[in-house]
Enquirer: 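Just dropping this structure here.
The first residue of the sequence shown is numbered 1, and numbering continues consecutively from there.
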Amino acid sequence: MAEEEARLRGVPPLEEKGEPPGGGDRGGGKGGDTGVALKKEIGLLSACGIIVGNIIGSGIFVSPRGVLGEAGAVGPALLVWGAAGAMTAVGALCYAELGVTIPRSGGDYAYVKEIFGGLVGFLRLWITVLVIYPTNQAVIALTFGAYALYPLFPTCPPPQSALRLLAAACLLLLTWVNCASARWATRVQDVFTAGKLLALALIIGAGLVRIAQGETGRKSPGLDPK
């Protein structure tokens, strides 16, 4: 009745004034947006750094020795790395297409939930949080600790206690940084991604120089920092 009287008097109703009704959609209409959303603090460069840093894990500095040992020669090892790189590129393109098709926050969880339903999405998220991410981060932290302690123990493997303490300290520090500020976390990610790319460029460049010099045979393995 009140709305009808307002129309007869020429007064626009509440919805036409740009004020969302109490039970309306708060996700982002043309009127006032009263929904709660995360603040966007990750730019294009930081987003690319996160993607590159996740794809190029720290295992890239550990696994080449095993690949070369099992392949038996430089040529087959390079073929293995080339095939793995092609598969990774295809996966990255598929993931990018998913991100464009389903523009929602949540990554894998959002995609699996949208395609397979809430139960499968929940199971994927549960496995990721309790199994995949913890083991992933543990391996990365242990790899960091091994290479950080290697210069201090050039003739013998570093003590396991020191290795685990350094890895735990690294995890705690990075956890605190991610909880304290998204901007700090992206800055740390950018620095470490740049370090990975620089290290890979140096390794690849040194390898190309040695191949150009005719040294294509396998060298006897040195001390493995683990």
Enquirer: Can you give me the closest heavy-atom contact between Thr101 and Pro103, atom names plus distance?
Expert: O-CD, 3.2 Å
Enquirer: Do Tyr150 and Pro157 come within less than 4.5 Å of each other through their side chains, counting heavy atoms only?
Expert: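 No; the side chains remain at least 4.5 Å from each other.
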Enquirer: Would you say Leu172 and Leu149 are hydrophobically clustered, going by side-chain heavy atoms of ILVMFWY under 4.5 Å?
Expert: no
Enquirer: Looking only at heavy atoms, what is the nearest atom pair of Leu174 and Val188, with distance?
Expert: CD2-CG1, 4.1 Å
Enquirer: If I compare all heavy atoms of Leu163 with all of Ala146, which pair ends up nearest, and what's the gap?
Expert: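 Leu163 and Ala146 have their closest heavy atoms at CD1-N, 3.1 Å.
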Enquirer: Kindly write out the residues that satisfy side chain to side chain donor-acceptor pair (under 3.5 Å) with Tyr133, not counting sequence neighbours, or none if the list is empty.
Expert: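 So Tyr133 forms no side chain to side chain donor-acceptor pair (under 3.5 Å) with any residue.
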Enquirer: If you measure from CH2 on Trp184 to CG on Asn178, what distance do you get to the nearest 0.5 Å?
Expert: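 Between Trp184 CH2 and Asn178 CG, I get 12.0 Å after rounding to 0.5 Å.
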Enquirer: Could you walk me through whether Trp126 and Tyr109 pass side chain to side chain contact (heavy atoms under 4.5 Å, CB included), step by step?
Expert: CA-CA 10 Å; Trp126 184 81; Tyr109 167 72; over 6 Å; no
Enquirer: To the nearest 0.5 Å, what is the distance between CD1 on Ile102 and CD1 on Ile115?
Expert: 4.5 Å
Enquirer: I'd like to know if Leu130 and Ile132 are part of one continuous hydrophobic network [Ile/Leu/Val/Met/Phe/Trp/Tyr, side-chain heavy atoms within less than 4.5 Å].
Expert: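 Result: yes, single cluster for both.
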Enquirer: Any chance you could measure Leu173, atom CG, to Trp176, atom CH2, to the nearest 0.5 Å?
Expert: 7.5 Å
Enquirer: Quick check for you: to the nearest 0.5 Å, what is the distance between Thr193 atom OG1 and Leu197 atom CG?
Expert: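 Going from the OG1 atom of Thr193 to the CG atom of Leu197 covers 6.5 Å.
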Enquirer: Please examine the side chains of Cys94 and Leu98, heavy atoms only from C-beta on, and report whether any two atoms are closer than 4.5 Å.
Expert: no
Enquirer: Are Tyr111 and Leu125 connected into the same hydrophobic cluster when the rule is that any two of I, L, V, M, F, W, Y join if their side-chain heavy atoms are below 4.5 Å apart?
Expert: no
Enquirer: Does CZ in Phe192 sit with more than 12 non-hydrogen atoms of other residues, nucleotides or ligands closer than 6.0 Å?
Expert: no
Enquirer: Scan residues 80-104 for pairs that pass salt bridge (Lys or Arg N to Asp or Glu O under 4.0 Å), counting only residues two or more places apart or in two chains.
Expert: Arg104-Glu114
Enquirer: Suppose we screen for side chain to side chain donor-acceptor pair (under 3.5 Å). Which residues come up paired with Asp108, at least two apart in sequence or across chains?
Expert: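 Partners of Asp108 under the side chain to side chain donor-acceptor pair (under 3.5 Å) test: Tyr95, Arg124.
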Enquirer: Same cluster or not: are Phe153 and Leu166 linked, directly or through other Ile, Leu, Val, Met, Phe, Trp or Tyr residues, by side-chain heavy atoms under 4.5 angstrom apart?
Expert: yes
Enquirer: Applying a strict under-4.5 Å side-chain criterion to I, L, V, M, F, W and Y, I'd like to know whether Val90 and Leu79 cluster together.
Expert: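 Looking at the clustering, Leu79 is in a separate group from Val90.
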Enquirer: Return the set of residues passing salt bridge (Lys or Arg N to Asp or Glu O under 4.0 Å) with Arg164 (not counting sequence neighbours), or none when no residue passes.
Expert: none
Enquirer: Considering non-hydrogen atoms only, spot the tightest contact between Cys170 and Phe144 and give its length.
Expert: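 Nearest pair, atom of Cys170 first, then Phe144: SG-CD2, 4.0 Å.
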Enquirer: Looking at residues at least two apart in the chain, or sitting in another chain, which of them share a side chain to side chain donor-acceptor pair (under 3.5 Å) with Gln137?
Expert: none
Enquirer: Applying ring pair (Phe, Tyr, Trp, His ring centres under 6.0 Å), name anything that partners Phe116, two or more places apart in sequence or on another chain.
Expert: none
